Structure formats: structure tokens, C-alpha cells
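Shown next, in C-alpha cells, is the structure this report addresses.
Heavy atoms only: backbone and side chains are in, while hydrogens, waters and symmetry mates are out. We count residues from 1, following the sequence as given. In this text the structure is predicted, and so the values were computed from the model without any measurement.
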Amino acid sequence: MTRIGIILGSTRPGRNGEAVARWVQEIAARRTDAEFELVDLLDYKLPHLDEVMPPSLGQYAQPHTLEWAAKIDSFDGFVMVTPEYNHSTSGALKNAIDFLYAEWNNKAVGFVSYGSVGGTRAVEHLRLISAELQMADVRAQVALSLFTDFENFSVFKPGPHQADSLNTVLDQVVTWSKALAPLRAA
């Protein structure tokens, strides 16, 4: 069965991302075309990149990197839940991505973002990063506004149309993850 990781890309205290990621997981759990698992960056104590060798060489030495690599390698695709901080993604998510290389290759990725303008600028950066990691980013995206999808900027209450947008993202991530399977097997 195709396995999709839902990566919660914020570690900030009081983060809005936890409610968003749980919403993604809840909707994904209703599907039968893939298995979905929530991956919370808080569960992986990744310091600022501390590997001596570049990730592209795959010569990981740190126990936290090996644990992170095994988790990411276990998936066929991803949905990244990202906030937008200063017109980009969170430092924690960028750091977690930068720890690895081959584990990301030939996998699909979709994005659920949130922020004052829906987190769209964070996703623009993540699309560039994904291309460098040989990931296939899907076109559909969920962009959640702090003004309309959150009450008082902190209580997550997505508009009803957002579930349809999320299902489109999930459809595309699952389809592309399956299509890329022969490349991962090679």
C-alpha cells in the first residue's frame, strides 16, 4: 500500500499547524487508496544541520539523522503542512528537509499552508527546494488564511471548500506517488 507522510512543519509553541495537520490526517484517514501517517517535527530532535558530510552522499553519522532518514525513507510521498514565516517556510521544516537527500528522491509532495496570505509564499520556496531534491510537487494546494480559516487567528475553523481542496491535493499526491514507484525501485 502506498504510504504518505503528513509532515507537521512547525515546532513553535502554540502553533496553529497542529490543528491543521490533524485536520489533514482526519480527512486522509477516510481514504482507502493509501496509508497516511502524521510526522511531527517535535518528535525528532533535529539540531541545526550537524552532519559533517553533505546529505547527498548519504553518509549519515548522527543517531538523530539516522532515525529521521529511516522515517522519511518509509514513505512514498508527502503532504507538508507549513506556516509562512517572513515570506518563507519555517526554519524547522527547512532544516529537517536539509538533513536528507536520497530519502526524498522520486517521491510526490503536496502542500497545505497557512498564514496571512494563505502561506503561498512558503509553498513557492518549498517547490524550489523539492525540485532540487528530485521530488514531484503536485499542482493543487490548500492555502489557509489566518483571517478566514481561523477564529481570532488561532482557532482553526476551515471554510467548507477547503476539504475539497485538500482531497484534490491528496488525489494528486497518491497518484503521483504510485506513478513514481518504478523510479524508487530502480
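For the pair W104 and F78, the minimum side-chain heavy-atom distance is below 4.5 Å. Looking only at side-chain heavy atoms (C-beta outward), Q134 and L183 stay at 4.5 Å or farther from each other. Counting only heavy atoms from C-beta outward, the side chains of L126 and F111 approach each other to under 4.5 Å. At a threshold of 4.5 Å between non-hydrogen side-chain atoms, the residues L133 and Y101 count as touching. Side-chain atoms of L146 and N16, non-hydrogen and from C-beta on, do get closer than 4.5 Å to each other.
To the nearest 0.5 Å, atom CH2 of residue W176 and atom OG1 of residue T2 are 14.5 Å apart. Separating the CG atom in L93 from the CD1 atom in I129 is a distance of 7.5 Å, to the nearest 0.5 Å. Annotation: the span from D33 atom CG to M1 atom CE amounts to 8.0 Å, rounded to 0.5 Å. For the atom pair F99 CZ and I72 CD1, the distance stands at 12.0 Å (nearest 0.5 Å). Note that OG of S177 is 8.5 Å distant from CE of M135, once rounded to the nearest 0.5 Å.
Just one residue in the list L41, V109, V81 forms a side-chain contact (heavy atoms from CB on, under 4.5 Å) with I7, and that residue is L41.
A donor-acceptor pair is defined here as one N or O able to donate and one able to accept, closer than 3.5 Å; no such pair exists between the side chain of T82 and the backbone of T89. Using modelled atom types, no side-chain atom of N152 and backbone atom of S154 make a donor-acceptor pair closer than 3.5 Å. The backbone N or O of A140 lies less than 3.5 Å from a partner atom in the side chain of Q172, making a donor-acceptor pair. Using modelled atom types, one side-chain atom of T168 and one backbone atom of D164 make a donor-acceptor pair closer than 3.5 Å. Using modelled atom types, one side-chain atom of S113 and one backbone atom of G118 make a donor-acceptor pair closer than 3.5 Å. The backbone N or O of A181 lies less than 3.5 Å from no partner atom in the side chain of N106, so there is not a single donor-acceptor pair.
Annotation: R184, atom CZ; neighbour count of heavy atoms from other residues, nucleotides and ligands within 6.0 Å is above 12.
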Going through the distances and angles, do Q162 and L166 end up as a side-chain contact (heavy atoms from CB on, under 4.5 Å)? CA-CA 6 Å; Q162 297 292 15; L166 176 57; over 6 Å; no
side-chain contact (heavy atoms from CB on, under 4.5 Å) for I97 and M80? Distances and angles first, verdict last. CA-CA 11 Å; I97 292 168; M80 294 186 182; 4.0 Å; yes
S10 vs Y85, side-chain contact (heavy atoms from CB on, under 4.5 Å): CA-CA, chis, key distance, verdict: CA-CA 10 Å; S10 173; Y85 298 153; 3.2 Å; yes
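Hydrophobic clustering of Ile, Leu, Val, Met, Phe, Trp and Tyr side chains at less than 4.5 Å, counting indirect connections, unites F36 with V173.
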Which pairs of donor and acceptor atoms, one on a side chain in residues 48-59, lie under 3.5 Å apart (sequence neighbours left out)?
from: D50; atom 1: OD1; to: H64; atom 2: NE2; distance (Å): 2.9
from: D50; atom 1: OD2; to: H64; atom 2: NE2; distance (Å): 3.1
from: E51; atom 1: OE1; to: A61; atom 2: N; distance (Å): 2.8
from: E51; atom 1: OE2; to: A61; atom 2: N; distance (Å): 3.4
from: E51; atom 1: OE2; to: Q62; atom 2: N; distance (Å): 2.9
from: E51; atom 1: OE2; to: T65; atom 2: OG1; distance (Å): 2.6

Run the side-chain donor-acceptor check on residues 20-28: report pairs under 3.5 Å with partners two or more places apart or on a different chain.
from: R22; atom 1: NH2; to: E18; atom 2: OE2; distance (Å): 3.3
from: E26; atom 1: OE2; to: R30; atom 2: NH2; distance (Å): 3.4

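Between A96 and W68, the shortest heavy-atom distance links the atoms O-NE1, 2.8 Å.
Evaluation of the salt bridge (charged side-chain N to carboxylate O under 4.0 Å, His left out) test over residues 105-133, restricted to residues two or more places apart or in two chains, returns E84-R121, R127-D137.
In this structure, F147 and F153 have perpendicular ring planes: the angle between them is above 60°, well past the 30° mark.
Between D73 and R3, no side-chain nitrogen of the basic residue sits less than 4.0 Å from a carboxylate oxygen of the acidic one, so the salt-bridge criterion is not met.
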